[in-house]
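Written out below as structure tokens is the structure these notes cover.
It should be emphasised that the depicted structure is a prediction, and the values quoted were computed from it without experimental measurement. Only this structure's heavy atoms are used, side chains among them; waters, hydrogens and symmetry mates stay out.
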Amino acid sequence: MIPKTNADAPAIALSSLVHRGPGGRWRTEAMRSHATPRLIYITKGQGRITIAGLTNGYGPNNLIFVPAHTVFGIEVGPTVFGQILTLPQNHLGDWPDTAFHLRLMDVHIQKELIGLMEALEKELQSDGDIRAARCHLGLLMIFVERQLKSHPASNGDTRRNSAAARLVARYTSLIAQNFKSDWAVADYATQLNVTPTHLTRICKQSCDRTALELLNDRIYYEACKLLQDTETPIKDVATSLGFQSPAYFTRSFQARSGRTPSAFRKTGGDAHSPQMMRT
């Protein structure tokens, strides 16, 4: 990740979106959510991205916005390259509160976006100027506003406005808030005033994942992050994610990743099996 120049500056950050191999797939594919928005710019390759429980394909010259506290995951194959821009907290009011997916077909528009991203990247380097970075971020925001006005249908397709998509979005929003609790799918369904069976069916239609798989994927990402990026004791990881015992957490994690938490912490691991964590 490219560091900002001032520890007190807004948390603007730019990182590369690349294929990480089997051991790193969880860092992009597993469902996660963040306290601040993400702007994803795909420059090469194609795949699928799931935002708030709705899956869509993406390709080159796609610009995708993920609002704060929105659950998402993105498939990144060997040919994919892109950038993820972490937007600062104090700019939240300047960006939409809903996801958008712009497919930029005009070559001149593509070049304009590339220029904006390159200028921002330059100022986020260690010898750059955070004040200039903020200015370029403002220009990028204006660019996005203009594109959304030119392509209003890109601010989410008709599927996102359907009753089913709204239900799944509400479900994933609840997951973002409560995944560290011991709630099962039935508890979420109760909050949404639907049956677990109906919730699972709608999730499967929306993103080809069951309600349990979406919940478990969010838990799995957090578990992997804590194991790989911190030194938090495994028993504390289990407790923080709502597990009744470290032993139950270990069995569940191993069923999902094929490795115990301690082995994963040492070597990393892949995420293939959808069966993990809650039942």
Side-chain angles (χ1 to χ4, degrees), residues 25-40 42 46-58 62-76 84 95-103 148 152-223 241-242 256 271-279:
R25 286 177 56 188
W26 65 269
R27 288 193 180 273
T28 56
E29 293 188 13
M31 296 293 108
R32 82 289 317 277
S33 55
H34 301 291
T36 56
R38 298 295 188 269
L39 189 66
I40 303 172
I42 304 296
Q46 58 187 9
R48 299 193 307 169
I49 184 169
T50 300
I51 303 175
L54 186 66
T55 300
N56 281 304
Y58 69 81
N62 282 200
L63 190 63
I64 304 165
F65 178 72
V66 183
H69 305 292
T70 300
V71 174
F72 75 102
I74 180 169
E75 298 175 3
V76 181
I84 300 181
W95 295 87
D97 56 5
T98 57
F100 64 73
H101 188 149
L102 290 166
R103 305 175 192 273
L148 288 175
S154 296
N155 195 16
D157 56 25
T158 56
R159 294 167 60 224
R160 190 170 297 281
N161 296 321
S162 68
R166 290 196 298 270
L167 173 61
V168 178
R170 289 170 58 204
Y171 173 55
T172 58
S173 178
L174 284 176
I175 288 176
Q177 298 172 43
N178 300 290
F179 72 92
K180 292 183 180 180
S181 71
D182 60 354
W183 281 18
V185 170
D187 299 303
Y188 288 95
T190 298
Q191 291 292 316
L192 295 167
N193 296 315
V194 297
T195 67
T197 301
H198 178 69
L199 180 60
T200 290
R201 182 173 61 252
I202 295 302
C203 289
K204 191 70 174 177
Q205 292 173 357
S206 179
C207 62
D208 200 29
R209 289 178 172 89
T210 67
L212 179 59
E213 288 169 349
L214 281 171
L215 172 59
N216 284 344
D217 218 27
R218 181 64 185 91
I219 299 168
Y220 181 72
Y221 174 80
E222 200 69 20
L241 294 175
R256 170 65 185 261
H272 283 304
S273 172
Q275 300 301 320
M276 186 220 173
M277 307 305 190
R278 304 277 156 76
T279 57

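To the nearest 0.5 Å, the span separating CG on D217 from CG on L212 amounts to 10.5 Å. A distance of 5.0 Å separates CZ of R103 from CG of N62, quoted to the nearest 0.5 Å. In this structure, OG1 on T195 lies 6.5 Å from CZ on R201, to the nearest 0.5 angstrom. With values rounded to the nearest 0.5 angstrom, I51 atom CD1 is found 13.0 Å from S33 atom OG. Note: L54 CG to S162 OG = 7.5 Å, rounded to the nearest 0.5 Å. For the atom pair N178 CG and W183 CH2, the distance stands at 4.0 Å (nearest 0.5 Å).
A donor-acceptor distance shorter than 3.5 angstrom exists from the side chain of R32 to the backbone of A30, with no hydrogens or angles considered. Side-chain atoms of S206 never come within 3.5 Å of backbone atoms of I202 as a donor-acceptor pair (strictly under, hydrogens ignored). Judged by distance alone, with hydrogens and angles left aside, the side-chain atoms of T190 form a donor-acceptor pair with the main-chain N or O of A186 at under 3.5 Å. No donor-acceptor pair closer than 3.5 Å links the side chain of R209 to the backbone N or O of G53. Distance alone, capped at 3.5 Å, places no donor-acceptor pair between the Y171 side chain and the L199 backbone.
Side-chain contact between I175 and M31: absent, with no pair of heavy atoms (C-beta onward) separated by less than 4.5 Å. I42 is listed as a side-chain neighbour of I74, based on a closest heavy-atom distance under 4.5 Å.
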Practice task
With side chain to side chain contact (heavy atoms under 4.5 Å, CB included) as the test, would you mind laying out the steps for I40 and I49 before giving the verdict?
Solution key: CA-CA 11 Å; I40 303 172; I49 184 169; 4.0 Å; yes
Exercise for the section: Under the ring pair (Phe, Tyr, Trp, His ring centres under 6.0 Å) rule, what do W26 and Y220 come out as? Steps first, then yes or no, please. Expected result: CA-CA 8 Å; W26 65 269; Y220 181 72; 7.4 Å; no
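Counting all heavy atoms, side chain and backbone alike, E75 lies closest to E29 at CA-CG, 3.9 Å. When all heavy atoms of T55 and C207 are compared, the closest pair comes out as OG1-CB, 3.1 Å. The heavy-atom pair separating D187 from D182 by the smallest distance is OD2-O, 4.4 Å. When all heavy atoms are compared, the tightest approach of P67 to A99 is CG-N, 3.5 Å. Smallest separation of non-hydrogen atoms from L39 and W95: CD2-CH2, 4.1 Å. Taking both residues in full, the closest heavy atoms of Y58 and R48 are given as CE2-N, 3.3 Å, listed atom of the first, atom of the second, then distance.
Ring pair H34/Y221 is perpendicular by interplanar angle, where above 60° counts as perpendicular and below 30° as parallel. Between F100 and F65, the angle of the ring planes stays under 30°, which puts this pair in the parallel group of the 30/60° scheme.
R170 and T172 share no donor-acceptor pair across their side chains, judged by distance under 3.5 Å alone.
Counting heavy-atom neighbours within 6.0 Å of Q205 CD, excluding the residue itself, gives a total above 12.
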